[in-house]
Amino acid sequence: MNYRFQFGVVWDNFDALLEGALLTFQLGVFAFGGGALIGLFCATLKTYGPWPVRFLVDSYVVFITNTPALIQIYFLYFGLPEVGIRWSNEACLLIGLTLNAGAYLTLILRAGFLSVRITELEAGQTLGMSLIQQVRYIIVPHIAKSIYPALANFFIVVLVMGTSVGALIGVDELTGQAINLSTVNYRWLEYFTVVAGMYVVLTFIASIGLALLGRWAFRVKAKIF
């Protein structure tokens with residue numbers, strides 16, 4: 001093998017990779033946060049709503065979970081301008097990832113809803129709690145302990161695999177930055193070797209943060225790896 005690694009070109013542009021890593025982390029956090037809100041709302045409707053509402057939620061979940069995230073993002077990026085709606089590359093990626101995460105989190109949170117015992121809900125009704133109060137004070141604390149590890153793992157999926165799709169529509173997240181920089185000097189192997197390591201670091205930081213959050217907020221002993 002005659003290939004000689006030249007990592008000097010990567011270090012010369014490392015600040016750009018750091019900017020991409022920061023954007024990757026921000027997109028992952030906002031997409032997961034928005035998806036969690038959608039998932040909680042839809043899981044509540046799917047569990048307690050009337051059948052027309054449940055049908056709409058099921059339609060949303062089935063459509064999203066049975067089509068690739070890239071197709072959904074392409075629809076936003078290429079399709080909406082045809083009807084006069086134009087969003088930035090980052091907005092299309094963020095909205096696409098949020099809607100995608102919302103559908104999967106609906107399924108995860110729905111499983112948590114079903115794990116709540118009827119007696120707990122009956123106790124809340126006896127105390128005069130509304131549905132929103134039951135969700136906030138009874139259901140959410142209960143399901144947080146049972147499905148928190150699954151939620152933490154899904155955040156890693158959104159952060160690492162989801163945001164990298166943005167490179168295909170020109171978003172300068174970590175993978176996008178690596179592609180842009182490597183096309184200048186054709187040091188593909190060096191750039192993506194470093195980027196792979198940066199994704200591992202991002203995942204490790206996110207895992208530690210989620211584990212500490214779980215132990216502090218929900219008393220869940222989530223594993224880091």
Side-chain angles (χ1 to χ4, degrees), residues 1-36 64-65 67-78 87-101 104-105 148-215 221-225:
M1 182 176 178
N2 297 323
Y3 188 85
R4 294 183 179 180
F5 286 92
Q6 298 180 17
F7 286 101
V9 295
V10 180
W11 308 134
D12 291 340
N13 298 284
F14 195 67
D15 56 339
L17 293 180
L18 288 177
E19 291 178 4
L22 178 60
L23 180 58
T24 291
F25 192 80
Q26 291 173 334
L27 288 170
V29 169
F30 284 116
F32 181 82
I64 294 296
T65 57
T67 56
L70 180 59
I71 300 300
Q72 299 159 19
I73 294 170
Y74 270 10
F75 176 80
L76 296 173
Y77 184 70
F78 294 109
W87 290 331
S88 66
N89 301 7
E90 292 79 5
C92 290
L93 176 62
L94 180 58
I95 293 172
L97 290 178
T98 300
L99 293 175
N100 189 271
Y104 284 98
L105 291 174
Y148 186 82
L151 293 176
N153 290 334
F154 188 77
F155 173 75
I156 302 301
V157 172
V158 174
L159 175 66
V160 177
M161 290 188 286
T163 56
S164 61
V165 175
L168 299 177
I169 60 171
V171 177
D172 291 332
E173 42 71 60
L174 185 52
T175 300
Q177 287 283 20
I179 292 175
N180 295 337
L181 294 170
S182 58
T183 55
V184 176
N185 45 43
Y186 302 103
R187 309 308 299 186
W188 299 87
L189 192 54
E190 288 89 338
Y191 273 108
F192 283 101
T193 299
V194 173
V195 165
M198 294 179 71
Y199 273 117
V200 172
V201 172
L202 280 176
T203 302
F204 185 72
I205 293 173
S207 297
I208 292 177
L210 290 168
L212 294 176
L213 176 63
R215 293 174 184 178
K221 295 183 178 180
K223 295 181 179 180
I224 295 176
F225 283 108

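Numbering of residues begins at 1 and proceeds along the displayed sequence. What's counted below: heavy atoms across the whole structure, side chains too, no hydrogens, waters or symmetry copies. Values in this document were obtained by computation on a predicted structure and should not be read as measured data.
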*Side-chain (E173) to main-chain (T175) donor-acceptor, under 3.5 angstrom*: yes
*Can you find a pair of side-chain heavy atoms, one from L23 and one from V171, that are under 4.5 Å apart?*
yes
_Using modelled atom types and a 3.5 Å cut-off, is there a donor and acceptor pairing between side-chain atoms of Y191 and backbone atoms of Y186?_
no
*To the nearest 0.5 Å, how far apart are OH in Y77 and CD1 in I95?*
14.0 Å
*Answer yes or no: is there a side-chain heavy-atom contact under 4.5 Å between T67 and F75?*
no
*Within a reach of under 6.0 Å around CZ of F30, are more than 12 heavy atoms found that belong to other residues, nucleotides or ligands?*
no
_Can you tell me how far apart CG (L212) and CD1 (I208) are? Round to the nearest 0.5 Å._
7.0 Å
*asked:* Nearest 0.5 angstrom please: L17 CG to N13 CG, how far?
replied: 7.5 Å
*Are Y199 and T24 linked by a side-chain donor-acceptor pair shorter than 3.5 Å?*
no
*Approximate separation, where rounding is to 0.5 Å, of I156 CD1 and L151 CG*: 12.0 Å
_Min side-chain heavy-atom separation F25-L174 under 4.5 Å_ = no
*Just how far is it from atom CD of E90 to atom CD1 of I169, taken to the nearest 0.5 Å?*
8.0 Å
*Shortest non-hydrogen contact between V194 and W11, atoms and distance*: CG2-CH2, 4.1 Å
*Heavy-atom closest pair, residues V184 and N180*: CG2-O, 3.6 Å
*Closest approach of G96 and Q72, non-hydrogen atoms and distance?*
O-OE1, 4.3 Å
*Classify the ring geometry between F154 and Y104 as parallel (under 30°), tilted (30 to 60°) or perpendicular (over 60°).*
tilted
_Straight-line distance of F32 CZ to L97 CG, nearest 0.5 Å_ = 13.0 Å
*Please report the shortest heavy-atom distance between D15 and D12, naming the atom on each side.*
OD1-O, 4.2 Å
*So which heavy atom on A21 is nearest to which on M198, and how close?*
CB-CE, 3.9 Å
*Under 6.0 Å from the CZ atom of F78, do we count more than 12 heavy atoms belonging to anything else shown?*
yes
_Looking at every non-hydrogen atom in both residues, tell me the closest pair between V158 and A31 and how far apart they are._
CG1-CB, 4.1 Å
